[in-house]
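Below is one structure; the comments refer to it alone.
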Amino acid sequence: MSSTFETVAGIIAETCDIPREQITPESHAINDLGIDSLAFLDIAFAIDKAFGIKLPLEQWTQEVNEGKAPAEEYFVLKNLVARIDGLVAAKSA
Amino acid sequence: MRLEYFEMIDTVASFDAQARTLVARCEVPLDSPVFEGHFPGHPLVPGVLLTETMAQASGYLVLALTEFAHMPFLMAVDKARFRTFVPPGAALEVSAGLDMMGSGYAATKASITCEGKPVCDAQLRFKTMPFPPGMETGMRARARQIGLLPETAR
């Protein structure tokens, strides 16, 4: 498992009081883990701080709400982790 | 301060866009219905209202930094500490500094002092979102009242 996933899973477990073993790369943050939008902002804050990035959460939410992207693209953890890795790579490029 | 109206900030003493900080002043009223219950015979400003005061200073900081593009709504208070009592008539200085501006949220660190002595401090987070209908005008009017916006600003 990638260290990014481990960090994100740890953040989610701590922020939302979810047992760490319930959190897998296939977990959907909203549908499977029951994380609401306010809690996800807390998670985004912790992720931004941990990785030194800025998750474009407003843009993602808008795309999902407008039907331009499925929620899974951003909120299934393996996809979220891939996007975090992409933002980290872009920052250091 | 008009405690019962939740008007906590009297004046903005300084706003530094580069340092991302705001300092405000507030004078605790001598009389308020709040003191009838908190506490009978021993009036003190409640900690929740001191937290609200730090939140309002932080909120005005975020409003100023974003040029009123988004309204910040308090969503989290971390590590709040109340270090001394605040009686009626106290003159308070509130400091707020931006910690992080994320997508859809802002994080600040804020504190209050009285005559240079620490009163309280906390880390605050706000959900930032477009102003609900009818709200921006009132917030801008209040910002003019406390000197955050020039009187001639819209």
Side-chain angles (χ1 to χ4, degrees), chain A residues 4 7-8 10-18 29-30 33-66 68-69 71 73-77 79-92, chain B residues 17-22 48 51-52 54-81 95-111 121-133 135-136 139:
Chain A
T4 304
T7 304
V8 170
I11 286 171
I12 291 172
E14 191 178 327
T15 306
C16 301
D17 207 13
I18 295 171
I30 301 161
L33 302 178
I35 297 169
D36 62 26
S37 60
L38 210 57
F40 205 85
L41 277 181
D42 272 333
I43 292 166
F45 168 69
I47 289 174
D48 287 356
K49 210 156 195 169
F51 294 96
I53 56 173
K54 186 170 169 176
L55 289 181
L57 209 52
E58 288 172 304
Q59 182 196 323
W60 294 355
T61 307
Q62 192 176 347
E63 286 175 15
V64 170
N65 289 344
E66 290 174 356
K68 291 179 179 167
E73 199 168 301
Y74 303 120
F75 299 109
V76 168
L77 296 193
N79 298 336
L80 176 65
V81 163
R83 288 179 185 279
I84 292 168
D85 285 339
L87 289 165
V88 171
K91 188 186 71 166
S92 51
Chain B
Q18 205 151 27
R20 308 195 301 183
T21 58
L22 180 146
V48 288
T51 305
E52 175 65 19
M54 292 189 285
Q56 289 193 12
S58 297
Y60 285 119
L61 169 65
V62 173
L63 283 169
L65 287 170
T66 60
E67 296 179 337
F68 285 74
H70 287 87
M71 177 65 199
F73 290 94
L74 183 64
M75 61 172 268
V77 179
D78 287 339
K79 298 185 178 173
R81 297 289 183 273
S95 302
L98 188 78
D99 185 21
M100 283 183 74
M101 185 77 83
S103 177
Y105 74 86
T108 68
K109 291 178 178 170
S111 61
D121 43 87
Q123 298 175 10
L124 310 166
R125 282 200 301 289
F126 299 81
K127 177 183 174 69
T128 55
M129 54 187 284
F131 279 95
M135 188 178 185
E136 184 176 355
M139 289 305 297

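Every chain is numbered from 1 and lettered A, B, ... according to where its sequence line falls, protein lines coming before strand lines. Hydrogens, waters and symmetry mates play no part in the numbers below; they use all other heavy atoms, side chains included.
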Nearest non-hydrogen partners of B:S103 and A:E58, listed with the distance: OG-N, 2.9 Å
Point-to-point distance, once rounded to the nearest 0.5 Å, from CE of B:M101 to NZ of A:K54: 7.5 Å
Pairwise distance CG(A:L57) to OH(B:Y105) - rounded to 0.5 angstrom: 9.0 Å
Top contributor to chain A interface from B:A107, B:A76, B:G102 [non-hydrogen pairs under 4.5 Å]: B:G102
Distance (rounded to the nearest 0.5 Å) between B:M75 CE and A:F45 CZ: 9.0 Å
More than 12 heavy atoms of other groups within 6.0 Å of A:E66 CD: yes
Atom CG of A:N65 with >12 non-hydrogen neighbours under 6.0 angstrom: yes
Chain B contacts, top residue of A:T61, A:L38, A:I53, A:D42 (heavy-atom pairs, under 4.5 Å): A:D42
